[in-house]
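Only one structure is covered here, and it is reproduced in the block below.
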There are 2 protein chains.
Amino acid sequence: MYSVFLEHIQKFISLETFEIDILESSLAISKINKKEHVLQESQVCNTMYFIIKGCFRQYIINNKGIEQTLQFGVESWWITDYLSFHNHTPSHFYIQAVENSEIIAIKKNVLESLLIQIPKLERYLRIVSQKTFGAAQMRIKFLFTMSAEERYQHFSNLNPEFVQRVPQYMLASYLDFSAEFMSKIRAGKA
Amino acid sequence: MYSVFLEHIQKFISLETFEIDILESSLAISKINKKEHVLQESQVCNTMYFIIKGCFRQYIINNKGIEQTLQFGVESWWITDYLSFHNHTPSHFYIQAVENSEIIAIKKNVLESLLIQIPKLERYLRIVSQKTFGAAQMRIKFLFTMSAEERYQHFSNLNPEFVQRVPQYMLASYLDFSAEFMSKIRAGKA
DNA sequence: TGCATTTCTTGAAGCAGTTCAAGTTTTTTA
DNA sequence: TAAAAAACTTGAACTGCTTCAAGAAATGCA
C-alpha cells in the first residue's frame, strides 16, 4: 500500500531501489477512523500527513460555534498546518478524518532525516507545495468572483464524485455559504 | 543589491562562496516601473519573480470589469503564477508593479540550471513555498470568519505601514469588499 | 503651474445570502 | 430492527454589503 505514496513521488522525481527501501523502512501506514482527529486547535503541528486512502478535512470552529471546512484532502494529497509546522506555533485548525482512512504520518525529525538521506525529496516537496499554493490562488479567485450558486455548480462539475462523498454541510462551508443555502441551491430555490 | 536575495536564502540554508558566485553571475536585477505588468492574463507564466524593492500585486478583472487584487508582494517575497508555471497553462492573472520596483526575474530554464548547480536551493524554495501556502490557509480563515470591518482592522493592525503604501481600492478588493465600503469603514460609518 | 487623471467619499436603494426555528429524512449504532 | 444521532429541508424575517451616481480631493504630468 506504499505504492500510492511511491507512485506520487515518482510523478516528480525518480527513485533508486535503495531509496525506496529507506522510505519503506522509515515509514508506517496508520489507520484513522472517521471523525478521529490528527490535529486539534492550539496544538503545535509537528507532523505531515500523506493520505493513502480516505478523506480528511481541515476546519475551524467560528465564533458562532459552527465548523467551517477550509480544505479537503483525498488520496495522494498532503495535509498539515504548514505554518504551525514551520514556526512551532499553536495551530488554528483541526484536521479530522471524514472517512475511515489510511495515512502516512511523517514527524518533523523523521522528515529531516529522510531529506538528508534522499535529498531529491526536497525537489518533490518543493514542486508539490508550489502546485498546492497555485491551487489555493485559484480557490481565492473563485471565492472572490463567483456567486454561491456558481461556486457550487463549478465545484460539482469539476468533482462530481467528491460531492457524493462528504456531507453537504461540510461542502457548503468549504464553498463559503450556509448549509441551509446549499439546500436551497440544490432544490433550485436559491 | 543582490544582498536582499542572498540574505533571504540564507535564512533557510547556508551558501558557499562559489554558490553565491553562481547566483550572481546567472541572475540580473530588472527595474519595473509602477503600473508595468510582468504577467498578463492568458499568457503562460514561465518566470518566477523575487522582489528586491517595491511592491507588486496579482489581480484579475472580474465579469463587471473591475480589478480584484488577490495577492500583494513586497521586498523579499516571490511572486508568480505557480499553476501556469508548472502546468504550462495560460494564466488567469495579471501581475503588476504597484510602485517603481526592482526584481530578479528567473526563467524556468535558468531556475532548472541553478537547481542542478546548487541543489540546496530546492530546500530553500520548498520551505518558502510551504510557509507561503500556510499563510494562504490563514488568509482563507480570515476571509471566512471575519466581517469586512474586522478584516480591515486586523490587516491594518498587522501591517500599518503597508496600508499607507497602496491605493485603498486595491486593499479593499484584497480584503474582499468594495472600495465604497472601505471608505465607509474608514469614516466610521460602516 | 495648471489641467487631466486617478483616487476617495457620500447617501439611497436593493439584494444575495444569513439566521432562526421547526420539521423531515437518512444514517448509525446498540 | 428500533431508537438515537446526524444530516437535510423549508419559509419568514433580517442584514451586511453592493451598486449606482455624482461630486470632492489628491496626485501625476506637460
Side-chain angles (χ1 to χ4, degrees), chain A residues 33-37 54-55 57 59 61-69 72 94 96-101 142-156 162-190, chain B residues 33-37 54-55 57 59 61-69 72 94 96-101 142-156 162-190:
Chain A
N33 285 326
K34 187 169 171 172
K35 301 207 176 172
E36 266 186 71
H37 288 88
C55 178
R57 65 173 179 142
Y59 71 95
I61 297 183
N62 70 19
N63 50 17
K64 282 154 207 139
I66 295 186
E67 295 174 1
Q68 289 195 267
T69 299
F72 288 108
Y94 297 82
Q96 183 193 46
V98 176
E99 303 171 351
N100 293 333
S101 301
F142 295 134
L143 288 170
F144 275 26
T145 56
M146 291 181 178
S147 69
E149 176 148 24
E150 284 168 342
R151 294 198 296 279
Y152 173 71
Q153 296 299 347
H154 180 259
F155 188 89
S156 356
F162 184 78
V163 172
Q164 306 304 320
R165 214 168 145 178
V166 297
Q168 279 176 41
Y169 73 89
M170 284 186 196
L171 187 54
S173 72
Y174 175 78
L175 295 173
D176 200 23
F177 48 76
S178 67
E180 292 92 336
F181 198 64
M182 170 70 100
S183 221
K184 286 163 193 170
I185 289 171
R186 288 167 50 97
K189 296 173 190 165
Chain B
N33 285 324
K34 188 170 172 172
K35 299 207 178 170
E36 268 186 71
H37 288 87
C55 178
R57 65 173 180 142
Y59 71 94
I61 297 185
N62 71 18
N63 50 18
K64 282 154 206 139
I66 295 186
E67 295 173 1
Q68 289 195 267
T69 299
F72 289 107
Y94 298 83
Q96 184 194 44
V98 176
E99 304 171 350
N100 294 334
S101 301
F142 295 134
L143 287 170
F144 276 26
T145 56
M146 291 181 177
S147 70
E149 176 149 24
E150 286 168 341
R151 294 199 296 278
Y152 172 72
Q153 297 298 348
H154 179 258
F155 187 89
S156 358
F162 185 77
V163 172
Q164 306 305 321
R165 212 167 147 179
V166 297
Q168 280 177 41
Y169 73 89
M170 284 186 198
L171 186 55
S173 72
Y174 175 78
L175 296 174
D176 200 22
F177 48 76
S178 67
E180 292 91 337
F181 198 65
M182 170 69 99
S183 222
K184 286 163 194 172
I185 289 172
R186 288 166 50 96
K189 297 174 187 164

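So that the names make sense, note that chain A is the first sequence line, chain B the second, and so on, each numbered from 1. Model, not experiment: these values are computed from the prediction.
Between Lys35(B) and Gln96(B), the shortest heavy-atom distance links the atoms O-NE2, 3.3 Å.
With rounding to whole Å, Ile185(B) atom CD1 is found 8 Å from dT18(D) atom P. Rounded to an integer number of Å, the gap from CG of Leu143(A) to P of dA16(C) is 18 Å. Here the C1' atom of nucleotide dC17(D) and the OH atom of Tyr169(B) are 21 Å apart, to the nearest Å. If you take CD of Gln68(B) and P of dT19(D), they are 9 Å apart, rounded to a whole angstrom. Rounded to whole Å, the distance from CE on Met170(B) to P on dT6(C) is 12 Å. Atom-to-atom, NZ of Lys34(A) to P of dA7(D) comes out at 7 Å; the value is rounded to the nearest Å. Rounded to a whole Å, the CD atom of Gln164(A) is 15 Å from the C1' atom of dT26(C). Counting to the nearest Å, the C1' atom of dT28(C) and the CG atom of Asn100(A) are 13 Å from each other.
Between Gln168(B) and dT6(C) there is no side-chain N or O to OP1 or OP2 distance below 4.0 Å. Within the 4.0 Å cut-off from OP1 or OP2 of dT28(C), not a single side-chain nitrogen or oxygen of Lys35(A) is found.
Taking the six-membered ring for Trp, Phe72(B) and Phe162(B) have ring centres closer than 6.0 Å. Ring-centre distance between Tyr174(B) and Phe155(B): below the 6.0 Å cut-off.
Partner of Tyr94(B) under the side chain to side chain contact (heavy atoms under 4.5 Å, CB included) criterion, chosen from His37(B), Arg57(B), Glu67(B): His37(B).
For the atom pair OG1 (Thr145(A)) and CG (Asp176(B)), the distance works out to 9.5 Å, reported to the nearest 0.5 Å.
Between the side chain of Thr69(B) and the main chain of Ser173(B), no donor-acceptor pair closer than 3.5 Å is present. A donor-acceptor pair under 3.5 Å is absent between the side-chain atoms of Arg151(B) and the main chain of Ala172(B), judged by distance alone.
Of the candidate nucleotides dG17(C), dC8(D), dT10(D), dT10(D) has the atom nearest to the side chain of Lys184(A).
Across all strands shown, Lys64(B) has heavy atoms under 4.0 Å from sugar-phosphate atoms exclusively, and none from any base.
Scanning residues 174-183 of chain A for heavy-atom distances under 4.0 Å to DNA chain D yields Glu180(A), Ser183(A).
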